[in-house]
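Small disclaimer: the values here were computed from a predicted structure and weren't measured.
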Amino acid sequence: MSFEVPEHVQPIRERVRQFIETEVIPLESVLDERGSQASNQAMQGLMAKAKQQGLWALGHPKEIGGQGLPFLDYVYINEVIGRSDLAMVALGTHSLQDSIMLNLHASPAWRDTYLKPLVEGEVFPSFAMTEPDVASSDPTQLRTHAELDGEDWIINGHKWFTSGADRAAYTTVMVRTEPDAPDHDAFSMIVVPTDTPGYNIVRDVRVMGFYGGHCEVKYENVRVPAENLLGPRGAGFKIAQERLGPGRIFHCMRWLGQAQRAFDLLCERANDRRAFGSALADKQQIQVMVFDSLAEIQASRMLTLAAAHKLDRGEQARVEIGLIKVVGAQMLHNVIDRAIQVHGAKGVTEDTPLRTARFARIYDGPDEVHRMTVARRVLREYQRGDGWDFGAR
Ligand SMILES: Cc1cc2nc3c(=O)[nH]c(=O)nc-3n(C[C@H](O)[C@H](O)[C@H](O)COP(=O)(O)OP(=O)(O)OC[C@H]3O[C@@H](n4cnc5c(N)ncnc54)[C@H](O)[C@@H]3O)c2cc1C
């Protein structure tokens with residue numbers, strides 16, 4: 001297994017990198033004004049350019065209008081997409097998980113309504129699992145529920161952190177539909193168009209000082225047709241799991257791209273800035289920051305690619321994916337934090353792209369939950385008498 005970018009992926013990866021460097025990064029400050037006319041126009045322009053240059057929806061399957069890059073090739077592309085937070089939308093990557101989920105599980109009517117515009121970037125999706133009133137890292141506790149009334153589902157409940165709900169055409173909401181079933185068979189996913197009466201956005205929750213479209217939403221007698229159900233009744237957990245596996249690999253690769261950009265800035269600043277008679281680069285405390293960042297990025301990259309290769313071979317890689325979620329999120333946080341430190345006051349201004357990555361340790365499951373599930377899985381192997389032989393994994 002090689003950790004280098006395969007030769008056949010290098011040209012397309014380089015074109016994506018160039019696009020991000022020359023087209024996306026120069027517009028970041030405009031694009032950051034989420035929801036403004038200037039920001040929307042700039043994003044529309046980037047999307048059109050990405051399409052013209054053949055860089056749109058590279059990882060989406062061909063049968064739904066994407067370019068069908070194989071999974072492992074696309075893993076390496078995600079590493080460069082991570083260089084800018086905004087590149088996912090500019091390149092049409094943001095809709096990958098939702099469009100695959102619709103394609104596999106939606107009724108023909110909903111597939112016809114949303115799939116093509118979703119892949120084309122004409123409409124945006126959102127996904128609602130988390131609720132403010134229960135610890136949602138244990139989703140068996142979710143309270144939002146739906147009951148069948150004739151041919152319709154009636155949904156009631158309260159969600160928050162539905163990212164992108166401020167501009168989404170629809171939300172896929174996780175709700176309890178089977179009150180008498182065991183918890184893991186009790187939840188379903190239902191598609192709710194955001195203009196349905198009773199779907200009420202309470203607020204865009206300001207997160208660490210910024211509005212990022214992480215909305216709080218109340219569902220008050222929301223009525224949608226029975227056919228809005230994704231997959232069979234009670235399959236919510238199974239569909240959520242399907243969505244998360246490869247998604248976490250792409251996430252972790254993008255974190256590596258984000259960390260690479262922060263590391264570049266850290267090293268450049270250390271070489272350029274002088275204090276107390278020498279460059280920062282000459283100070284041992286700064287060299288430790290360089291060393292620690294290098295080691296953490298390299299370790300995280302190898303773990304992530306090892307997990308990707310395992311998944312590509314058709315294995316589940318649950319332990320490996322749990323590991324990279326925790327190690328990758330901590331790595332990103334540490335590297336960005338050190339890059340901020342080396343920039344002094346400038347590091348916390350809008351004059352650098354260094355933004356906290358603190359969220360990464362919480363979304364898609366907090367560190368503690370991944371540690372718990374990974375440790376339990378490995379301990380079970382010992383209970384069975386198999387142990388965990390690193391040489392055989
Ligand atoms: C930027 C951002 C975007 C998000 N986008 C979405 C989205 O689009 N859709 C969506 O549905 N959700 C989204 N989320 C929500 C996210 O998935 C949840 O915050 C996460 O699952 C944790 O749930 P919770 O916030 O209810 O925390 P809780 O479940 O209340 O957990 C709080 C803390 O308790 C501790 N804890 C929990 N379990 C254990 C354990 N077993 N052992 C030890 N400690 C434990 C952990 O420290 C954890 O951080 C987003 C979150 C963020 C920050």
Side-chain angles (χ1 to χ4, degrees), residues 24 27 31-52 55-68 81 85-129 153 155 159-175 189-201 204 211-217 219 222-225 227-231 239-240 242-243 247 250:
V24 181
L27 290 178
L31 293 165
D32 265 343
E33 296 159 17
R34 192 181 170 89
S36 77
Q37 204 187 353
S39 164
N40 291 342
Q41 272 174 359
M43 186 52 86
Q44 292 298 328
L46 286 173
M47 290 161 109
K49 274 189 190 165
K51 287 178 186 172
Q52 276 160 15
L55 301 176
W56 183 259
L58 287 169
H60 288 60
K62 277 202 169 132
E63 66 267 23
I64 62 169
Q67 301 205 41
I81 292 179
D85 268 0
L86 301 148
M88 274 181 82
V89 176
L91 295 161
T93 301
H94 63 287
S95 67
L96 180 63
Q97 308 305 332
D98 288 277
S99 50
I100 290 175
M101 191 164 73
L102 270 192
N103 188 39
L104 289 177
H105 301 294
S107 67
W110 283 112
R111 221 175 297 144
D112 288 349
T113 307
Y114 287 132
L115 195 52
K116 191 167 175 292
L118 192 61
V119 177
E120 284 297 313
E122 291 159 8
V123 301
F124 288 92
S126 56
F127 182 71
M129 209 159 158
W153 289 107
I155 306 171
K159 299 279 181 185
W160 79 338
F161 275 87
T162 304
S163 299
D166 57 334
R167 62 179 175 194
Y170 73 92
T171 293
T172 305
V173 63
M174 176 105 161
V175 290
M189 302 257 192
I190 299 181
V191 172
V192 178
T194 50
D195 58 3
T196 311
Y199 176 92
N200 296 323
I201 296 186
D204 180 351
Y211 289 111
H214 306 296
C215 295
E216 178 181 347
V217 182
Y219 295 72
V222 174
R223 180 180 281 273
V224 294
E227 65 176 5
N228 286 30
L229 186 73
L230 284 188
I239 297 174
E242 241 174 53
R243 176 191 164 91
F250 296 142

Could you tell me which non-hydrogen atom of [X] sits nearest to which non-hydrogen atom of [Y], and how far apart they are?
X      : Y      : value
Arg111 : Leu102 : NE-O, 3.7 Å
Lys159 : Met174 : NZ-O, 2.9 Å
Val24  : Ala90  : CG2-CB, 4.2 Å
Asn40  : Gly35  : ND2-O, 3.6 Å
His60  : Ser99  : CD2-OG, 3.2 Å
Gly212 : Asp204 : N-OD1, 3.9 Å

#### Entry: Criterion side chain to side chain contact (heavy atoms under 4.5 Å, CB included) on Leu91 and Leu58, from CA distance to verdict
CA-CA 8 Å; Leu91 295 161; Leu58 287 169; 6.0 Å; no
Once rounded to the nearest 0.5 Å, what's the spacing between atom [atom1] of [X] and atom [atom2] of [Y]?
X      : Y      : atom1 : atom2 : answer
Arg243 : Met129 : CZ    : CE    : 9.5 Å
Leu118 : Thr113 : CG    : OG1   : 11.5 Å
Gln67  : Leu55  : CD    : CG    : 7.5 Å
Ile64  : Glu120 : CD1   : CD    : 11.0 Å
Thr196 : Asn200 : OG1   : CG    : 10.5 Å
Leu86  : Met43  : CG    : CE    : 5.0 Å

Is the shortest side-chain heavy-atom distance between [X] and [Y] below 4.5 Å?
X      : Y      : answer
Val191 : Ser107 : no
Phe124 : Val89  : yes
Thr172 : Pro125 : no

When you look at [atom1] of [X], are more than 12 heavy atoms from neighbouring residues, nucleotides or ligands closer to it than 6.0 Å?
X      : atom1 : answer
Gln37  : CD    : no
Lys49  : NZ    : no
Trp160 : CH2   : no

### Message
Can you tell me which residue among Val222, Val217, Thr194 is in a side-chain contact (heavy atoms from CB on, under 4.5 Å) with Thr171?
### Response
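Among Val222, Val217, Thr194, the one meeting side-chain contact (heavy atoms from CB on, under 4.5 Å) with Thr171 is Thr194.
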### Among Asp195, Val224, Asp98, the one residue meeting side-chain contact (heavy atoms from CB on, under 4.5 Å) with Tyr170
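Among Asp195, Val224, Asp98, the one that satisfies the side-chain contact (heavy atoms from CB on, under 4.5 Å) with Tyr170 is Asp98.
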### Task
Check whether any side-chain N or O of Trp56 sits under 3.5 Å from a backbone N or O of Val119 as a donor-acceptor pair, and report yes or no.
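A pair under 3.5 Å: yes.
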### Task
Any chance you could lay out the side chain to side chain contact (heavy atoms under 4.5 Å, CB included) test for Gln97 and Phe127, step after step, and finish with the verdict?
CA-CA 10 Å; Gln97 308 305 332; Phe127 182 71; over 6 Å; no
### Task
Measure the acute angle between the ring planes of Phe161 and His214, then classify it against the limits of 30° and 60° as parallel, tilted or perpendicular.
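Aromatic pair Phe161/His214 classed parallel.
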#### Entry: Side-chain ion pair, Arg34 and Asp166, N-O less than 4.0 Å
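A salt bridge links Arg34 with Asp166.
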